Participant: 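Below is one structure. I have some questions about it.
Computed from a predicted model, the values in this text were never measured in an experiment. Counting starts at 1 for both ligands and their atoms, following the listed order.
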Amino acid sequence: MNFDLSGDQQAIQDLCREFARDVVAPQAEALDREAEFPYAIVRQMAGLGLFGLPFPEKYGGAGADTVSYALAVMELARIDASVAITLAAHVSLGASPFYLFGTEAQKAEYLVPLARGEQLWGFGLTEPGAGSDAGATQTRAELRAGQWVINGTKAFITNSGTDLTGGTTITAVTGTDAAGRSEISNIIVPQATPGFTRSKKYNKMGWRASDTRELSFADAAVPEGNLLGVRGRGLKQFLQILDGGRISVAALSVGLAWGAYDEALKYAKARIAFGQPIAKFQAIQFKLADMRMEIEHARVMVMKAAWEKDEGRDFALTASLAKLYSGEVSRRVVNEAVQIHGGYGFMDEYPVSRMYRDQKINEIGEGTNEIQRLVIARLMGL
Ligand SMILES: Cc1cc2nc3c(=O)[nH]c(=O)nc-3n(C[C@H](O)[C@H](O)[C@H](O)COP(=O)(O)OP(=O)(O)OC[C@H]3O[C@@H](n4cnc5c(N)ncnc54)[C@H](O)[C@@H]3O)c2cc1C
C-alpha cells in the first residue's frame, strides 16, 4: 500500500496551499464580516483551473482525479470554508450532474463553461418542506406544448444567485408512476428564465461569504430538452450526486479542522501563562495530540473514499463514513482550538472564531449526521 501522493496530486496540493495562504487568508476575515461573495478569488481560482479539476480536458476540465480535487478542497478549507464550499458545491453539485447525466450537447452547452470556471451553477434539491426527506418535493414541472412549466420553491441553494451563476438544476415532480408515487425528474433552469427568481442571500451563521438563496418558480417555462438524464430518475440521480458530494464535505471538514489545529498549535507556542508557553502544559499538549490523531484518521478516510471513486469502485459507504466522521472531528477540533485560545478565541480577529461558526454546517449539509447514520446502516444491510 502506498500513501504517497503522485507528482500531479502533490503539485495541486502545493498550488492550493500557496494560493490559500497568499491570496485567500488576507481577505478571509473581512469577507466573512461583510458576508461578501469572493468574486476576485473565484476569478483567480478559475484561472488556476480549479473549477474543472476532476472533469476531462475535452469538457474544459483539468483531467485530474478525485484525490487531487479533495486535496484542493482541504487546502482551501484550511484557510476559508466559504471559499472551499464555493468550489466544492460548484464541482460536486453544480457541474457533476451534467458530466454524469448530460447528453453530449448538454455537456457542450453547460459543462464546458462550468469546468472553465466562466460560470457557477446551483443544485436545487432542498425545499422548505423537503430536506432530509428529499422525496417529498412539492415543486412541479408540467409538460405543456413542448415546455416544462415549473412552479414551486427551493431552499438553501448554494451558488444560485451570484453574478457568475448561469442557472440551477432542480428536482421537480413531473407526474406519477404506476403505483401512484411522485415521478421526480431533473430539469435545467437557466438564470434568465422568466418566472424564475432568487431571494436575497440568507444571513448565515457560517459560510458567510458563500452564496445561499431561496429560489421561486412561478410558471417558469424551459424547453422540453432541458430534462437532464432520464425522466422519473431525478431523485436517484441527485442521490448519486450526493455520494460524491459527501467526499467534498468530508474534505472540507478535515481542512477546517486542520486549519483550526494549525492556529491552536501556533497560539499555544506563543501564549505565555505562569511564566511559560501554554504548549508546555501537558493538558494543552494532550488536546493537541488528540486533535492531530483525529485529523489524521479523518484525512485517511477521505483519501480512501476519493481513491475508491477514482478506481471506479463503489465508494458510497466509505464516503458516508468519511463525511460523518470528519464532520464530528471538525466539531471537536474547532471547539478545542477555541479553548486553547482562551478569551481571544471568542474574538473575531482570531480565525478560530470564524472556524467555530463555519463548522456547524459540516454536520448538516449534504445529509445530516442522523441521515448519514441511516445511510450507513442501510449500506451495512440493516
Ligand atoms: C448553508 C447551506 C447550504 C446548502 N446548500 C444546499 C444546496 O446547494 N442544494 C440543496 O439542495 N440543499 C442545500 N442545503 C440544504 C441541506 O442539505 C439541508 O438543510 C439538509 O439536508 C437538512 O435538511 P433540513 O434543513 O430540511 O432539515 P430536516 O430534514 O428538517 O431535519 C431536521 C432534523 O431532523 C433530523 N431528521 C430528519 N429526518 C430524520 C430521520 N428519518 N431520522 C432521524 N433524524 C431525522 C435531521 O437529522 C435534523 O437533525 C444547504 C443548507 C445550508 C444550511
Participant: If you take the centroid of each ring, where Trp contributes its six-membered ring, are W121 and F98 closer together than 6.0 Å?
Facilitator: yes

Participant: Closest non-hydrogen protein atom to atom 13 (C) of ligand 1, residue and atom name please, with distance?
Facilitator: F156 O, 3.0 Å

Participant: Give me the one residue out of K266, K287, R292, E336 that meets side-chain hydrogen bond (donor to acceptor under 3.5 Å, both in side chains) with Y261.
Facilitator: R292

Participant: Just distances here: any N/O of G365 and N/O of ligand 1 closer than 3.5 Å?
Facilitator: no

Participant: Do you know the tightest heavy-atom contact between P128 and T153?
Facilitator: CD-O, 3.6 Å

Participant: Who's closest to atom 49 (O) of ligand 1 heavy-atom-wise, of E363, R208, E370?
Facilitator: E370

Participant: Is the shortest N/O to N/O distance between S132 and ligand 1 below 3.5 Å?
Facilitator: yes

Participant: Taking the minimum heavy-atom distance to atom 24 (P) of ligand 1, which of G131, G94, G367 ranks first?
Facilitator: G131

Participant: Sort and list the pairs that fulfil salt bridge (charged side-chain N to carboxylate O under 4.0 Å, His left out) and have at least one residue in residues 231-241, not counting sequence neighbours.
Facilitator: E183-R231

Participant: Under 3.5 Å, N or O to N or O, is D133 touching ligand 1 that way?
Facilitator: no

Participant: In the protein, what heavy atom is nearest to atom 42 (N) of ligand 1, and what distance, to one decimal place, separates them?
Facilitator: L374 CD1, 3.9 Å

Participant: For ligand 1, find out whether one of its N or O atoms is nearer than 3.5 Å to an N or O atom of T158.
Facilitator: yes

Participant: Give yes or no for whether the N/O distance cutoff of 3.5 Å, strictly under, is met between F123 and ligand 1.
Facilitator: yes

